[in-house]
Number of protein chains: 2
Amino acid sequence: MTDTPARLLRLLSLLQTPREWPGSELAGRLEVSPRTIRRDIDRLRDLGYPVEASRGSVGGYRLVAGTAMPPLLLDDEEAVAIAVGLRAGAGHAIEGVDEASVRALAKLEQVLPARLRHRVSSLQNATVPLTRGDGATIDPRTLTVIASAVTSRERLRFGYLAGDGAASKRQAEPYRLVSTGSRWYLVAYDLDREDWRTFRVDRVSEPFATGARFAPRELPAGGEDGAELLARSMSRLQPELHIDVTFEAAADVVAARLPAELGALEPSGEHSCRLRTASRSSVEWVALRLALVGCAFEALGPPELVEHLGVLGDRLSRAASRPSAAGRT
Amino acid sequence: MTDTPARLLRLLSLLQTPREWPGSELAGRLEVSPRTIRRDIDRLRDLGYPVEASRGSVGGYRLVAGTAMPPLLLDDEEAVAIAVGLRAGAGHAIEGVDEASVRALAKLEQVLPARLRHRVSSLQNATVPLTRGDGATIDPRTLTVIASAVTSRERLRFGYLAGDGAASKRQAEPYRLVSTGSRWYLVAYDLDREDWRTFRVDRVSEPFATGARFAPRELPAGGEDGAELLARSMSRLQPELHIDVTFEAAADVVAARLPAELGALEPSGEHSCRLRTASRSSVEWVALRLALVGCAFEALGPPELVEHLGVLGDRLSRAASRPSAAGRT
DNA sequence: CCCATCAGGCCAGGATCCGGCCTGATGGAG
DNA sequence: CTCCATCAGGCCGGATCCTGGCCTGATGGG
């Protein structure tokens with residue numbers, strides 16, 4: 001029988017509950033003798049899982065932090081919670097964990113029981129993506145399909161909407177998924193164009209992995225990495241914003257409410273500071289973050305940011321002014 | 001030796017990679033004969049993990065979705081990504097998975113290797129919580145400590161800042177962690193007051209679980225649940241907003257960009273719709289969500305919402321109007 | 001001081017596991 | 001269409017491992 005391994009897994013699962021388990025109770029639950037439990041604990045320790053024991057009358061075993069991640073044994077609700085959390089996060093890629101986060105999501109969704117899937121998607125619908133206003137929302141499913149294809153080295157077919165509005169069908173060998181600020185890009189070898197391309201993931205539709213495996217291809221000019229390739233083509237795609245804003249509040253107050261990725265603040269007085277930085281985020285996103293700082297500020301540039309702030313300010317002011325008699329029905 | 005169980009775990013880990021593994025390759029990696037691999041696959045299937053096999057020359061094994069969650073084997077980066085994602089999510093509790101999400105976070109952090117912890121916290125600092133403006137940010141650590149105490153039934157000591165500004169030390173038996181919209185509450189039996197209380201988690205400071213275990217206590221009036229107790233005391237704490245807004249856009253367009261928890265829209269014409277609902281969210285939060293819809297709208301009430309929109313609109317307009325600088329393009 | 005807990009040695013019997021060899025079935029590529 | 005790589009699984013012999021039981025010690029709390 002597959003007795004012992006199964007028991008070890010169950011034991012691991014019990015020990016992940018944040019409480020202490022006396023050996024006798026574990027023995028009862030797993031229906032073996034206490035001696036076997038002691039041996040199992042030994043085994044787990046040999047495997048590298050740091051099981052800590054406290055002696056005495058209220059003692060017991062507990063799994064603590066070690067040097068390697070033990071397998072996480074989640075119950076249904078926890079799995080759903082993680083899936084929902086990751087999906088929500090996948091939209092506004094947190095710098096530094098972007099790709100890993102999608103990988104984890106792909107891994108989880110690969111084995112997520114069917115009965116939990118609808119719970120995930122319905123919960124996700126309840127949380128509107130906090131996207132910038134340009135409507136470039138990304139379907140987490142798209143991301144996970146692409147991520148799977150990247151790691152399994154399978155060819156990918158998908159529809160793509162080019163920048164000029166032309167729709168096309170593509171077939172490509174996906175190389176890597178990269179995120180910059182709040183956008184996702186796929187670096188891939190386009191089989192029809194016979195060249196390396198970068199695709200904006202929010203313009204990819206219905207990607208699906210054809211089973212066909214491919215051998216990793218050399219990237220173009222030697223030594224280059226996917227991120228570089230992306231950086232090159234992105235400089236054509238996504239204009240850089242040269243942000244220049246002064247806040248009427250002390251630098252430390254503002255810094256606490258501003259994402260670090262936006263850049264550093266220079267204090268410019270007792271109660272004011274200035275943000276000068278370049279960003280590839282969208283105007284809408286930057287405007288939102290600025291508004292959320294919660295103090296008065298003044299945008300000096302770029303012009304499109306100033307304009308967007310003006311439009312937004314206007315919209316809100318009008319929303320608050322009850323122009324009931326004005327042009328509306 | 002603890003050979004077989006360890007191998008099964010490694011096998012499970014390999015199979016979670018989204019790709020197909022031919023038996024021979026698995027045999028090579030795990031340094032056993034292919035026959036043993038076939039047997040191991042059998043064992044996993046017996047344990048309930050649905051391993052799918054495709055035959056043919058490009059075939060192999062793959063772990064697919066089954067009826068139960070298999071143990072998730074994460075690498076370092078994935079673990080960090082999940083921790084960061086959950087922490088970010090813990091702030092704005094997604095309705096329905098609130099508690100589970102915190103439980104999962106507690107479970108993960110219990111075993112998260114020390115060398116990864118600083119990565120999590122530094123990454124978290126990079127993402128400013130998208131909180132409403134009232135500054136009631138919640139430290140995820142606080143939540144996880146409380147969640148652990150709830151599941152392990154340990155007494156909790158913590159500092160508390162009452163609504164009237166009075167600080168105090170509390171000792172309590174935590175019963176449940178509940179979130180409503182975007183706030184967290186702890187339902188607990190206060191040992192000093194000798195009665196049930198609900199505490200706002202954002203006002204809890206330095207909670208720590210004394211080792212002392214306690215026996216679950218009966219909730220007050222029969223049949224009541226933690227959520228009810230909370231609802232009762234909350235009606236005193238958190239005023240309800242009666243929101244009334246008209247949007248100048250079709251109902252389905254607006255609905256797609258509005259959190260479902262805010263309530264339902266009534267179409268009021270070809271290109272307009274109305275939102276009338278009650279919410280316990282903060283004014284700042286509601287205002288933000290309205291602004292993010294991205295179309296013109298008009299707030300009819302409540303007054304504090306209208307006022308807040310006015311302030312915000314004013315601030316943005318002034319930010320865009322460059323009262324001081326005159327020249328630069 | 002006593003009791004609960006963890007820690008681990010020793011032993012015997014039995015279950016389990018492994019490798020190797022075999023036969024079939026199945027799907028993809030040439 | 002044919003060939004090949006893959007999965008599926010039966011059978012067997014020998015080595016290995018696992019379990020339960022019993023023991024002695026150590027440690028911490030009430």
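Proteins come first, then strands; the chains are lettered A, B, ... in the order of their sequence lines, and each starts at number 1.
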query = Where do B:F158 and B:E206 land on the side chain to side chain contact (heavy atoms under 4.5 Å, CB included) test, with the steps shown first?
reply = CA-CA 6 Å; B:F158 55 91; B:E206 294 174 15; over 6 Å; no
message = Can you identify which nucleotide, out of C:dT5, D:dG20, C:dC18, has its nearest atom closest to the B:T36 side chain?
response =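 For the B:T36 side chain, the nearest candidate turns out to be C:dC18.
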query = When you measure from the side chain of B:R38, which nucleotide among D:dG9, D:dT19, C:dG19 comes out closest?
reply =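 Output: D:dG9.
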Does [X] put a side-chain nitrogen or oxygen below 4.0 Å from OP1 or OP2 of [N]?
X     : N      : value
A:T4  : D:dT19 : yes
B:R35 : D:dG9  : no
A:R39 : D:dG20 : no
B:S33 : C:dG20 : no
B:R55 : C:dG24 : no

query = Can any side-chain N or O of B:R117 pair as donor or acceptor with the backbone N or O of B:E109 at less than 3.5 Å?
reply =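 Yes; at least one donor-acceptor contact below 3.5 Å.
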5' priority, DNA chain C, between A:Y61 and B:P34 [closest heavy atom] = A:Y61
Round to a whole Å and report the spacing from [atom1] of [X] to [atom2] of [N].
X     : N      : atom1 : atom2 : answer
A:D46 : C:dA7  : CG    : P     : 13 Å
A:L8  : C:dT16 : CG    : P     : 15 Å
B:D42 : D:dA8  : CG    : P     : 8 Å
B:I37 : D:dG9  : CD1   : C1'   : 16 Å
A:R43 : D:dC18 : CZ    : C1'   : 7 Å

message = Are B:L143 and B:L105 packed together at the side-chain level, in the sense that at least one heavy-atom pair is separated by less than 4.5 angstrom?
response =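 B:L143 vs B:L105: side chains apart.
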key: salt_bridge(B:D40, B:R43) N-O dist < 4.0 Å   = yes
